[in-house]
Amino acid sequence: MNVIRETLKGGKGEVIKNPKVFIDPLSVFKEIPFREDILRDAAIAIRYFVKNEVKFSNLFLGLTGTGKTFVSKYIYNEIEEVKNEDEEYKDVKQAYVNCREVGGTPQAVLSSLAGKLTGFSVPKHGINLGEYIDKIKNGTRNIKAIIYLDEVDTLVKRRGGDIVLYQLLRSDANISVIMISNDINVRDYMEPRVLSSLGPSVIFKPYDAEQLKFILSKYAEYGLIKGTYDGDILGYIAAISAKEHGDARKAVNLLFRAAQLASGGGMIKKEHVDKAIVDYEQERLIEAVKALPFHYKLALRSLIESEDVMSAHKMYTDLCNKFKQKPLSYRRFSDIISELDMFGIVKIRIVNRGRAGGVKKYALVEDKEKVLRALNETFEDSIGIGEFVDDVGEN
């Protein structure tokens with residue numbers, strides 16, 4: 001049997017009916033379960049903004065996989081649809097920017113926003129923040145604009161990030177802002193003047209096992225062939241994902257990967273899900289490492305070869321000199337290690353050796369071989385190291 005040819009044609013034992021359901025769910029789903037109250041409140045605020053010129057700002061907070069980005073993009077798409085039905089929405093402009101993906105710096109975020117709102121390419125360098133804001137104001141003159149800032153914590157933690165938010169929130173232009181963050185403590189990084197201009201926080205609670213099972217049943221209904229799965233498999237995936245803070249994104253990814261592994265066999269089984277879990281965790285670790293800012297990667301690389309955090313900082317300094325980068329202070333370096341622990345990439349251990357030995361801080365790298373391979377790939381790709389200068393942060 002020609003396995004490749006049979007797989008290319010599909011047919012016997014196929015499990016997946018429509019992969020687009022898993023890859024681009026917004027093109028399929030017209031409702032979002034368990035987030036109706038949030039959607040209704042957001043729609044009211046948007047209506048007041050468009051029809052009564054009452055500006056708003058919301059901060060969507062919640063752990064990964066609780067639906068913040070999905071809801072935001074759903075709102076974006078619904079507004080675009082309403083433009084065909086309500087004249088007052090025709091002149092509404094929208095701009096969605098993932099702060100981390102564009103680089104996280106104030107200049108990069110404002111450049112992306114200005115480009116989306118004006119329709120013209122705006123450089124990321126060589127322009128001061130005030131000029132970016134002016135371009136955004138000019139691009140929204142005589143219209144109303146809704147800006148979505150995903151992973152806004154990346155921006156807020158950068159020098160000048162607060163200025164961007166303050167200027168957008170207090171602008172005399174008709175701009176409303178929806179901010180999204182996985183860091184539920186992001187407000188702690190904001191200055192009082194920004195907080196005073198900020199609207200309410202909207203908390204996205206984690207999904208429980210029953211809610212996740214319902215969500216999975218909808219994906220299975222639209223995306224899988226009837227009879228290739230059962231309630232026990234959906235419940236198994238939901239239970240695993242509920243333990244990880246109710247992560248719907250993980251649950252859906254696991255179902256899709258398990259379905260891919262089951263293709264040709266005609267039925268998703270427990271062993272497919274277990275293999276999908278291993279694959280997912282490995283892929284997530286590698287992607288998380290590759291997405292880290294440059295100095296985080298240097299810090300992680302130094303931890304792999306070091307006994308403790310203090311000696312890792314010395315190795316990190318040597319790496320910075322090698323790449324012609326200014327090393328961060330030990331305090332800032334230690335903060336980065338704590339963030340890597342929060343991401344689940346390392347595990348911090350504090351050892352108290354008594355009065356004579358003092359306290360030593362250790363950071364154990366999870367799955368060193370995979371992390372090292374991911375780091376080596378990204379270092380090989382970064383031929384022009386100058387692009388990482390903006391990722392340095394504060395000393």
Side-chain angles (χ1 to χ4, degrees), residues 63-65 100-101 104 151 153-154 157 182-183 185 240-241 243-245 247 249-250 253-254 257 274-353 357-383 385 387-389 391-395:
L63 298 171
T64 301
R100 183 182 297 277
E101 288 180 2
E151 299 199 62
D153 46 289
T154 311
K157 293 175 184 178
N182 294 331
D183 186 345
N185 298 311
I240 291 169
S241 303
K243 290 178 182 177
E244 299 223 354
H245 308 299
D247 190 336
R249 190 180 307 164
K250 175 178 181 177
N253 286 340
L254 285 180
R257 180 59 181 150
D274 292 338
K275 177 65 167 60
I277 293 169
V278 174
D279 291 350
Y280 178 80
E281 294 301 333
Q282 290 178 348
E283 289 172 9
R284 189 169 69 165
L285 174 64
I286 291 171
E287 289 306 311
V289 170
K290 288 183 176 180
L292 290 172
F294 186 64
H295 278 256
Y296 286 62
K297 291 173 183 173
L298 292 183
L300 186 56
R301 181 67 181 83
S302 67
L303 285 173
I304 292 175
E305 304 292 340
S306 305
E307 293 184 357
D308 55 61
V309 174
M310 182 69 77
S311 57
H313 183 255
K314 294 178 181 177
M315 180 170 287
Y316 156 80
T317 302
D318 292 339
L319 286 173
C320 284
N321 292 333
K322 177 182 177 181
F323 285 108
K324 295 182 172 56
Q325 297 288 296
K326 182 181 178 182
L328 304 177
S329 65
Y330 177 78
R331 179 188 62 80
R332 180 70 184 105
F333 178 82
S334 184
D335 289 343
I336 287 176
I337 304 306
S338 297
E339 289 186 49
L340 291 174
D341 176 69
M342 183 181 70
F343 296 154
I345 298 173
V346 306
K347 284 186 178 179
I348 290 177
R349 183 165 60 94
I350 306 294
V351 177
N352 192 334
R353 300 182 180 276
V359 176
K360 269 200 169 185
K361 185 176 181 180
Y362 297 85
L364 306 176
V365 180
E366 298 286 285
D367 213 332
K368 285 185 179 181
E369 287 186 9
K370 289 188 178 63
V371 169
L372 187 58
R373 187 162 61 248
L375 286 172
N376 287 339
E377 286 177 11
T378 55
F379 286 141
E380 286 173 8
D381 292 340
S382 52
I383 299 170
I385 213 68
E387 65 185 283
F388 294 101
V389 173
D391 288 323
V392 172
E394 293 185 42
N395 230 350

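As a basis for the values below, the full set of heavy atoms in this structure was taken, side chains included, without hydrogen atoms, waters or symmetry mates. One-based numbering along the sequence shown.
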Is [Y] close to [X] at the side-chain level, that is, under 4.5 Å between some pair of heavy atoms?
X      : Y      : answer
Lys361 : Met310 : no
Tyr362 : Lys347 : no
Arg100 : Asp153 : yes
Leu340 : Val365 : no
Leu63  : Asp247 : no
Leu375 : Ile304 : yes
Val309 : Phe333 : yes
Leu300 : Ile336 : no

Just by distance, with hydrogens left out, do Asp341 and Ser338 show a side-chain donor and acceptor under 3.5 Å apart? no

Among Lys370, Lys250, Arg257, salt bridge (Lys or Arg N to Asp or Glu O under 4.0 Å) partner for Glu281: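 Result: among Lys370, Lys250, Arg257, Lys250 is the only option passing the salt bridge (Lys or Arg N to Asp or Glu O under 4.0 Å) with Glu281.
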
Between [X] and [Y], what is the shortest heavy-atom contact and its length?
X      : Y      : value
Leu319 : Leu298 : CD1-O, 3.7 Å
Val289 : Ala374 : CG1-CB, 3.8 Å
Ala312 : Ser306 : CA-OG, 3.2 Å
Ala299 : Ile337 : CB-CD1, 4.2 Å

Gap between atom [atom2] of [Y] and atom [atom1] of [X] - 0.5 Å precision:
X      : Y      : atom1 : atom2 : result
Ser334 : Leu328 : OG    : CG    : 12.0 Å
Asp279 : Asp274 : CG    : CG    : 11.0 Å
Arg349 : Asp308 : CZ    : CG    : 10.5 Å
Ile240 : Ile277 : CD1   : CD1   : 3.5 Å

Should the pair Glu339-Arg332 be classified as a salt bridge under the 4.0 Å nitrogen-to-oxygen rule?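 Looking at Arg332 together with Glu339, the answer is yes, because their closest N to O distance falls below 4.0 Å.
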
Pairs involving residues 313-322, ordered by first then second residue, that meet side-chain hydrogen bond (donor to acceptor under 3.5 Å, both in side chains) (sequence neighbours left out): His295-Tyr316

Under the side-chain contact (heavy atoms from CB on, under 4.5 Å) rule, what do Val346 and Leu364 come out as? Steps first, then yes or no, please. CA-CA 5 Å; Val346 306; Leu364 306 176; over 6 Å; no

